[in-house]
Visitor: 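What follows is a structure written as structure tokens; I'll ask about it next.
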Protein chains: 2
Amino acid sequence: MTNSTPLPPPRRAEPDVRRQSLIAACARVLAREGAAGTSVRVIAREAGVSPGLITHYFAGIDALIAATYADVDQTVSAALEAAVADAGDDPRARLDAFVTASFAPPIADRALLATWIAFWSLVTARADIARQHDDQYAGFRDRLTLLLAACGVPGERLRLAAIAVTALVDGLWLELSLSPGCFSADEAGAIARAHLDSLIGFL
Amino acid sequence: MTNSTPLPPPRRAEPDVRRQSLIAACARVLAREGAAGTSVRVIAREAGVSPGLITHYFAGIDALIAATYADVDQTVSAALEAAVADAGDDPRARLDAFVTASFAPPIADRALLATWIAFWSLVTARADIARQHDDQYAGFRDRLTLLLAACGVPGERLRLAAIAVTALVDGLWLELSLSPGCFSADEAGAIARAHLDSLIGFL
DNA sequence: AGGACTGTTGCACGATCGTACAATACCACG
DNA sequence: CGTGGTATTGTACGATCGTGCAACAGTCCT
């Protein structure tokens with residue numbers, strides 16, 4: 001049980017680098033084993049380190065999962081922002097890019113879904129994690145609100161419009177990730193753009 | 001540790017009744033403790049029986065969770081069907097009733113959300129559970145397809161329309177259950193009905 | 001070069017997990 | 001009124017869980 005691998009000599013790493021590698025290992029394990037099979041020992045083996053190191057960098061396994069979720073959220077936000085930036089200056093093109101990017105890598109990814117689910121399963125029991133969830137979703141909606149306003153959606157409809165688009169994109173992303181054979185990413189994008197058409201009322 | 005309660009004498013129950021009571025206890029524990037805190041012992045204490053009884057009725061804890069999910073799905077389907085039946089004969093009223101009921105008790109319920117999340121967390125790792133998920137969602141979409149067709153949605157748009165409405169309702173239901181303070185059930189219904197308006201193109 | 005700092009290891013500990021199994025107690029039936 | 005069948009109990013077992021901690025080792029500073 002001591003070690004099946006030849007045990008390479010332990011090497012020091014920059015604290016930030018090591019911390020990030022633990023988060024990445026946690027995300028990989030969540031994607032491969034699911035939330036139930038994700039434990040300190042499995043994550044440590046995935047990262048190639050000793051189990052004790054996780055306690056050294058994180059207050060506990062829940063803190064590591066929360067950090068993984070925050071990291072995933074940051075990855076998603078960065079990818080969405082990059083898509084918006086690539087779309088140029090036309091407001092509608094920027095809005096389309098924002099929602100379409102949700103159905104392409106790296107966002108429509110099984111690893112992200114597993115992380116999300118593992119995190120949701122903590123929301124029910126822990127108040128601090130519930131607040132982290134609320135904050136991250138509020139950030140997503142706020143960004144969407146700006147893009148919708150730039151497309152001319154009037155202020156009094158802005159709030160519900162942002163909620164609607166968030167829900168639609170989330171639902172499509174969820175089912176696309178859970179059962180990828182049911183419909184394609186292109187179809188999801190077409191559905192979302194059609195919904196934006198009716199919201200903006202460009203006719 | 002033997003027993004904190006006065007231990008009422010063990011009573012026999014009809015197998016179906018006992019089985020159903022275990023499923024109900026599982027759902028309550030999932031709602032209260034979250035997926036992580038749901039174990040054989042906790043469920044047995046919630047149901048007022050011995051832990052061994054769960055093994056007697058179900059092949060394992062995963063089978064109990066799967067049965068709980070199937071039961072929840074049946075509850076949801078029955079509630080939706082009842083709402084449709086109450087709506088009368090007008091196709092659009094029936095469609096509205098179907099989607100609006102998703103945001104009212106007993107569907108928009110924290111216990112259901114917890115069950116759903118616990119089940120999703122098993123989808124990643126187990127193929128048989130992934131198929132159960134696909135089947136249940138296909139059933140939901142099929143029912144929606146019939147209601148949409150009755151409202152005059154043409155055949156070539158029917159498939160994507162059903163996917164879109166399913167995703168929107170799912171996303172709204174998910175966020176409504178995860179953070180109830182963000183928007184209300186009435187607002188969710190209004191969003192969904194507006195989306196149906198644009199799909200059916202009644203203008 | 002040598003000492004201090006700390007990243008890292010490896011293991012021990014108690015708790016809890018899911019499951020198996022023999023013993024028990026209830027109930028229907030002869 | 002026994003008696004067999006089975007729902008139910010209680011517990012034991014091995015595995016795995018998260019965490020704490022003393023010892024080790026790599027790196028940097030003086």
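Because the structure is a prediction, the values reported are computed rather than measured. Order of the sequence lines sets the chain letters (A, B, ...), proteins ahead of strands, with each chain counted from 1.
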Visitor: Evaluate the side-chain proximity of L80(B) to V99(B): yes if any heavy-atom separation is below 4.5 Å, no if none is.
Guide: no
Visitor: Run the salt bridge (Lys or Arg N to Asp or Glu O under 4.0 Å) test against D16(B) and tell me which residues pass, sequence neighbours left out.
Guide: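 Salt bridge (Lys or Arg N to Asp or Glu O under 4.0 Å) list for D16(B), sorted by chain: empty.
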Visitor: Scan for side chain to side chain donor-acceptor pair (under 3.5 Å) pairs involving residues 101-118 of chain B, sequence neighbours excluded, and state none if there are none.
Guide: Y69(B)-W116(B)
Visitor: Would you say R18(B) places a side-chain N or O within less than 4.0 Å of OP1 or OP2 belonging to dT8(D)?
Guide: yes
Visitor: In degrees, rounded to 10°, what is the bend between the two ends of the helix from dA1(C)-dT30(D) to dG30(C)-dC1(D), using five pairs at each?
Guide: 0°
Visitor: Among all residues two or more places apart in sequence or in another chain, which pass the ring-ring contact (aromatic ring centres under 6.0 Å, His included) test with F140(B)?
Guide: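 Here the qualifying residues are F98(B).
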Visitor: Please set out all donor-acceptor pairs under 3.5 angstrom arising from side-chain atoms of residues 25-37 of chain A, sequence neighbours excluded.
Guide:
residue : atom : partner : partner atom : Å
R28(A)  : NE   : E46(A)  : OE2          : 2.6
R28(A)  : NH2  : E46(A)  : OE2          : 3.4
R32(A)  : NH2  : E46(A)  : OE1          : 2.2

Visitor: Would you kindly give the CZ-to-C1' distance between R45(B) and dG18(C), to the nearest whole Å?
Guide: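 The distance from CZ of R45(B) to C1' of dG18(C) comes to 15 Å, rounded to the nearest Å.
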Visitor: With sequence neighbours left out, write down each residue that passes side chain to side chain donor-acceptor pair (under 3.5 Å) with R143(A), or none if nothing qualifies.
Guide: E81(A)
Visitor: Kindly state each residue pair satisfying side chain to side chain donor-acceptor pair (under 3.5 Å) with at least one member in residues 147-157 of chain B, sequence neighbours excluded.
Guide: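 For residues 147-157 of chain B: none.
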Visitor: Sequence neighbours excluded, which residues qualify as ring-ring contact (aromatic ring centres under 6.0 Å, His included) partners of Y137(A)?
Guide: H133(A)
Visitor: Of the nucleotides dT8(C), dT8(D), dT9(D), which has the atom closest to the S50(B) side chain?
Guide: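 Looking only at side-chain atoms, S50(B) lies closest to dT9(D).
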Visitor: Which residue pairs satisfy the salt bridge (Lys or Arg N to Asp or Glu O under 4.0 Å) criterion with at least one member in residues 162-186 of chain A, sequence neighbours excluded?
Guide: E175(A)-R141(B)
Visitor: What are the residues of residues 53-61 of chain A, sorted by number, that bring a heavy atom to within less than 4.0 Å of DNA chain C?
Guide: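 L53(A), H56(A), Y57(A), in order of number.
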Visitor: For DNA chain D, determine which residues of residues 23-44 of chain B have any heavy atom closer than 4.0 angstrom to one of its atoms, and list them numerically.
Guide: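 Within this stretch, R41(B) sit under 4.0 Å of the strand.
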Visitor: Checking D73(A) now: which residues fulfil side chain to side chain donor-acceptor pair (under 3.5 Å) with it, not counting sequence neighbours?
Guide: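 Scan of D73(A) (side chain to side chain donor-acceptor pair (under 3.5 Å), adjacent residues dropped) gives Q136(A).
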